[in-house]
Amino acid sequence: MSQQIERSDFMNVLSSIKKSFNNPFISMRHKNFRYYIIGMFISLIGTWMQNIAQPWLAYTLTKSPLLLSLIGALQFTPMLIFALFAGVIVDRFPKKNIIFLTQLASLIITLILVLLVWSGQIKYWHLLILATALGIVNTLDMPARQSFVIELVGREDLMNAIALNSMTFNLARIIGPAVAGLVMSFWGIGTCFLVNSISFAAVIISLFFIKPNYIQNAYKAKVNIAEQIKGGVRYILKNKTLSYAVLVLAIVGTFAPNFNVLIPVFSAEILNSGEMGFGLLMSFMGVGSFLGAMYIAISSKTGPNKLLVSAAPVVVGALLIITGYTHLFFVTGVLIGITGFFLIAFLSSVNSTLQINSSNEYRGRVMSIYTLVFAGSTPFGNLYAGWFADHFNPRIGFAACGSVIILLMIPVYLKKMKKSVRR
């Protein structure tokens, strides 16, 4: 009798675990999503190769962390200016068509960069112009891709698909930087840009096989763009869950993901590990980020993790401070990897929170604000990190980013505690 009770208790525990966790690849049962994720994975490997090659090229041309940060700032400035307008466009037109055009434009822009590098005519100002052009394209591409996922998998598997999309992104972040380090060492920087240019074709081809479940929006053509933007902003401000997620995202998104500025300088000046070391450090970041996305994928049945959204910013801030004061390559890599775990788990949770709590009518505009807050704030974060690294050293750059996150989160926590006491 007692054995039957123990077995029953054991089965109840297993059942409880099963309810909390699920197959991290469950959204792959949707054929449209499979086509999309395969094409995107190939493209993202190329993108991460360029993300390694471009800052290394900029630093090689200028030897200035501040000028290096300006490249990143200009690449994300268009999102700061145009993200809200992009949200209106995404809500009005088929997202599949928008993604097709943005991928084609990205292919052409990166091909121009390839020709400039291989001809030996590349200048710093060329990087500024091309980075800005890619930024304009990404301003429309990011909210379109973010809000396209629900048309591929539906609401039931949305959180899992978001997490799996993030896993794909970060698996590419593991492979791309490592491959980029090898390619730059043996075949030159231009080859990295060429691979990225070709990789955009993978997404374009996959789109021909995708037949999304279009979601009709209750849009009135007479309502002008300004009113639509205001409507989207008001929609977020009136929803406490959305507004809190956006506020915390603004803090973390501005000061945490400045690795493209800090790591190449840290690798060159502190660790003396060169471009190969830079690529490997970014791969460490990718491993941690992939595991963070995997964690979100297997726990997606429970919904967005509210505790993670609130606590992760301080954890990430503390890890950035500690990373700045390491001097061993492997320790630096491990710390960067752990930072990646918490950062991606946080971002995936915020993304899911915004999408699950948004109506179909406003989803494109909500995700454009996600893009504005996360990517549009990058120019400020890049210049902030670049200034400290340039005027002091990359150690101070890491510490300055981590410290400001913790300081800015203090009033957020205090305000939240006051509201809890009032209730």
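Position 1 is the first residue of the sequence, and the numbers go up from there.
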Restricting to non-hydrogen atoms, name the atom on [X] and the atom on [Y] that form the minimum distance, rounded to 0.1 Å.
X: F329; Y: L281; value: CE1-CG, 3.7 Å
X: A318; Y: I406; value: N-CD1, 3.8 Å
X: A161; Y: V149; value: CB-CG1, 3.5 Å
X: S349; Y: L308; value: OG-CD2, 3.4 Å
X: L320; Y: G402; value: CB-CA, 3.9 Å
X: V248; Y: V412; value: CG2-CG1, 4.5 Å

Report the relative orientation of the aromatic rings in F398 and F259; use parallel for angles under 30°, tilted for 30 to 60°, perpendicular for over 60°.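 Rings of F398 and F259: tilted, as their planes differ by 30° to 60°.
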Give me the ring orientation class for Y35 and F209: parallel if the planes are under 30° apart, tilted from 30 to 60°, perpendicular past 60°.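 Ring orientation of Y35 relative to F209: tilted.
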Answer yes or no: is there a side-chain heavy-atom contact under 4.5 Å between [X] and [Y]?
X: T77; Y: T132; value: no
X: L262; Y: T323; value: no
X: I122; Y: L113; value: yes
X: Y384; Y: C401; value: yes
X: I344; Y: Y295; value: no
X: L207; Y: I210; value: yes
X: L57; Y: L127; value: yes
X: L70; Y: Y124; value: yes

Do [X] side-chain atoms and [Y] backbone N/O form a donor-acceptor pair below 3.5 Å?
X: S199; Y: N196; answer: yes
X: S289; Y: F341; answer: no
X: N393; Y: I396; answer: yes
X: R395; Y: T326; answer: yes
X: N258; Y: V261; answer: no
X: S243; Y: K240; answer: yes
X: S197; Y: F193; answer: no
X: D390; Y: W387; answer: no
X: S43; Y: G39; answer: no
X: S206; Y: V203; answer: yes

Using the six-membered ring of Y59, assess whether NZ or CZ of K63 lies under 6.0 Å from its centre and within 45 degrees of the ring axis. yes
Go through T254 and V404 one step at a time and tell me if the side chain to side chain contact (heavy atoms under 4.5 Å, CB included) criterion holds. CA-CA 10 Å; T254 302; V404 74; over 6 Å; no
Just to verify, which of T102, L101, L104, I108 counts as forming a side chain to side chain contact (heavy atoms under 4.5 Å, CB included) with V137? T102
When rounded to the nearest 0.5 angstrom, what distance separates [atom1] in [X] from [atom2] in [Y]?
X: H126; Y: L115; atom1: NE2; atom2: CG; value: 12.0 Å
X: L319; Y: F342; atom1: CG; atom2: CZ; value: 7.0 Å
X: S106; Y: F200; atom1: OG; atom2: CZ; value: 4.5 Å
X: Q75; Y: Q54; atom1: CD; atom2: CD; value: 5.0 Å
X: F346; Y: S310; atom1: CZ; atom2: OG; value: 9.0 Å
X: I405; Y: I251; atom1: CD1; atom2: CD1; value: 8.5 Å

Side chain to side chain contact (heavy atoms under 4.5 Å, CB included) between V350 and Y370: does it pass, once the steps are laid out? CA-CA 9 Å; V350 170; Y370 172 90; 4.2 Å; yes
Which is it for L249 and V309 under the side chain to side chain contact (heavy atoms under 4.5 Å, CB included) test, yes or no, and what are the steps along the way? CA-CA 9 Å; L249 176 67; V309 171; over 6 Å; no
Please step through side chain to side chain contact (heavy atoms under 4.5 Å, CB included) for the pair L271 and T332, ending with a clear verdict. CA-CA 9 Å; L271 301 177; T332 303; 4.0 Å; yes
